[in-house]
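The figures that follow rest on heavy atoms only: side chains count, while hydrogens, waters and symmetry mates do not. Please read these numbers as outputs of a predicted model, since none were measured by experiment.
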Amino acid sequence: LLGYWRNDGVTTWKNRADNYASFDGVDDVITRDAINVDYKSVSLWVKPNTTITSASSGTEIMSFGSWTYSSVCLASATGDFTNELVTLTDNLGTVRKTGWVPTGGETIPSGSWTHLAFVWDGSKYVIYYNGQPQTVTASSNGHQELSVNKNIRLGTGGTGSTSFLNGGLTGVSFWNKSLTDAQILSLYNNGRYSNVDTDFNDNLITYLAFGSSDATSGVKDTSSTIYDRSGNANHGTVSGTTIQSPPNAEPEGYDIESTT
């Protein structure tokens with residue numbers, strides 16, 4: 001599929017091609033060197049190849065912390081919680097974790113994309129599931145602390161991790177400001193085909209859309225580089241990951257400043 005446009009009753013047409021990074025569950029990873037800002041908001045879409053429930057074995061899908069074992073883990077990740085679905089872990093002198101234990105049977109399904117977001121509220125990261133803030137719990141040592149100027153890894157946890165995502169990620173975005181509940185809900189409602197750089201550019205520090213090219217600039221992701229579409233040149237480096245279904249054409253294009 002190279003492109004799929006549908007009229008949504010709005011004044012523009014949007015490409016519905018299925019653009020994402022596919023991870024093999026073995027050793028695929030995308031990395032980004034530390035960016036010298038506070039990581040106050042993170043947004044992404046995830047679709048595992050097997051449905052993940054709170055009873056599943058843990059799958060680490062990303063890391064933006066300082067520790068070799070820092071991670072964002074789906075399902076069982078730690079003895080600190082029971083039946084958790086999402087856990088954030090880091091160690092800035094003490095291992096601290098923030099977890100969400102669902103109460104409504106929520107899962108991370110294989111048949112559709114799930115939106116996750118993590119927003120710093122001044123004392124902890126709030127976990128959002130499909131646009132809605134969830135009640136989070138701290139480990140015995142407290143909540144994961146604010147991550148600042150740390151390496152970013154997608155498809156796995158920190159450098160000591162042996163857990164890898166078998167599935168897809170797309171629309172991975174970082175901001176150095178805390179987005180509001182309404183903004184996270186808007187990100188979810190806009191869907192993974194929307195252009196984050198157009199709609200939420202304020203304090204956006206990196207935006208990895210995983211399209212082979214974008215309609216305005218023609219800049220193409222390659223087998224070694226995922227280009228940051230925020231214009232900040234915070235590109236990702238690929239190891240094994242496959243980019244699916246080009247091109248990533250959006251009606252209003254991306255800010256291409258500093259992408260070459």
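Of all non-hydrogen atoms in N201 and S230, the two that sit nearest each other are ND2-O, 4.2 Å. A pairwise comparison of heavy atoms in V101 and E84 identifies CG2-CA, 4.0 Å as the closest pair. Of all the heavy atoms in I30 and G236, the pair that sits closest is CG2-CA, 4.1 Å. F164 and D28 get closest at one heavy-atom pair: CD2-O, 3.6 Å. Shown here for A138 and G142, the closest heavy-atom pair between the two residues is CB-C, 3.7 Å. Heavy-atom minimum distance, F118 versus I127: CD2-CG1, 4.0 Å.
Counting heavy atoms from C-beta on, the side chains of D202 and W175 never come closer than 4.5 Å. T114 has its side chain within reach of Y129: a pair of non-hydrogen atoms, C-beta onward, lies under 4.5 Å apart. Side-chain contact between R32 and F174: absent, with no pair of heavy atoms (C-beta onward) separated by less than 4.5 Å. Looking only at side-chain heavy atoms (C-beta outward), I61 and L44 come within less than 4.5 Å of each other. At least one side-chain heavy atom of Y128 sits under 4.5 Å from a side-chain heavy atom of D181. Taking the side chain as every heavy atom from C-beta outward, Y69 and T89 never approach each other to under 4.5 Å. Annotation: side chain of S43 is not in contact with side chain of V196 (no heavy-atom distance under 4.5 Å). Taking the side chain as every heavy atom from C-beta outward, L208 and L154 approach each other to under 4.5 Å.
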Test N190 against L187 for side-chain contact (heavy atoms from CB on, under 4.5 Å), laying out the working first. CA-CA 5 Å; N190 287 354; L187 278 168; 5.8 Å; no
Mind running side-chain hydrogen bond (donor to acceptor under 3.5 Å, both in side chains) on S139 and N141 for me, showing each step along the way? CA-CA 5 Å; S139 62; N141 290 326; 5.5 Å; no
Please assess V42 against M62 for the test side-chain contact (heavy atoms from CB on, under 4.5 Å), listing each intermediate value before the final yes or no. CA-CA 11 Å; V42 182; M62 71 184 305; 4.0 Å; yes
Passes side-chain contact (heavy atoms from CB on, under 4.5 Å), S56 versus T53? Steps please. CA-CA 5 Å; S56 301; T53 73; 3.4 Å; yes
Assess the residue pair S63 and S70 against the criterion (side-chain hydrogen bond (donor to acceptor under 3.5 Å, both in side chains)); give the C-alpha distance rounded to whole Å, side-chain angles, the decisive distance to 0.1 Å, and a yes or no. CA-CA 6 Å; S63 169; S70 65; 2.7 Å; yes
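Within the 3.5 Å criterion, the main-chain N or O of F64 finds a donor-acceptor partner in the side chain of S147. Remark: side-chain polar atoms of N232 are not paired, donor with acceptor, to backbone N or O of N234 under 3.5 angstrom. Distance alone, capped at 3.5 Å, is enough to place a donor-acceptor pair between the T156 side chain and the S163 backbone. With S41 contributing its side chain and K177 its backbone, the two residues share a donor-acceptor pair below 3.5 Å. Without hydrogens or angle criteria, T241 side chain to A21 main chain gives no donor-acceptor distance under 3.5 Å. Using modelled atom types, no side-chain atom of E60 and backbone atom of G58 make a donor-acceptor pair closer than 3.5 Å. With hydrogens and angles disregarded, no donor-acceptor distance shorter than 3.5 Å links the side chain of T87 to the backbone of G99. A donor-acceptor pair is defined here as one N or O able to donate and one able to accept, closer than 3.5 Å; such a pair exists between the side chain of E106 and the backbone of G104. Side chain of N166 to main chain of G25: no donor-acceptor pair is present (N/O by atom type, distance under 3.5 Å, no hydrogens or angles). Looking only at distances, a side-chain donor or acceptor of T170 sits under 3.5 Å from a matching main-chain atom of N19.
Between K40 atom NZ and D121 atom CG the span is 11.0 Å, to the nearest 0.5 Å. For the atom pair L85 CG and I52 CD1, the distance stands at 8.0 Å (nearest 0.5 Å). If you take CH2 on W67 and OG1 on T94, they are separated by 10.5 Å, rounding to the nearest 0.5 Å. Annotation: the span from K47 atom NZ to Y20 atom OH amounts to 6.0 Å, rounded to 0.5 Å. Interatomic distance, I226 CD1 to T31 OG1, rounded to the nearest 0.5 Å: 10.5 Å. Rounding to the nearest 0.5 angstrom, the gap separating the CD1 atom in I205 from the CG atom in D228 is 9.0 Å.
Linking ILVMFWY side-chain heavy atoms closer than 4.5 Å, directly or via other members, places V136 and I108 in a single hydrophobic cluster. Hydrophobic clustering (side-chain heavy atoms under 4.5 Å, transitive across Ile, Leu, Val, Met, Phe, Trp, Tyr) keeps L92 apart from L146. Two different hydrophobic clusters hold V72 and V95 under the rule that ILVMFWY side chains link at heavy-atom gaps under 4.5 Å. In the hydrophobic cluster analysis, where Ile, Leu, Val, Met, Phe, Trp and Tyr join through side-chain heavy atoms closer than 4.5 angstrom, F81 is grouped apart from L88.
The aromatic rings of Y125 and W120 lie perpendicular to each other, with more than 60° between the two planes, well past the 30° mark. In this pair, H115 and Y188 present their aromatic rings tilted. The plane angle is within the 30 to 60° band.
One finds no salt bridge joining D80 and R96 here, because no Lys/Arg side-chain nitrogen approaches an Asp/Glu carboxylate oxygen to under 4.0 Å.
Among D221, D197, T206, the single residue meeting the side chain to side chain donor-acceptor pair (under 3.5 Å) criterion with R229 is D221.
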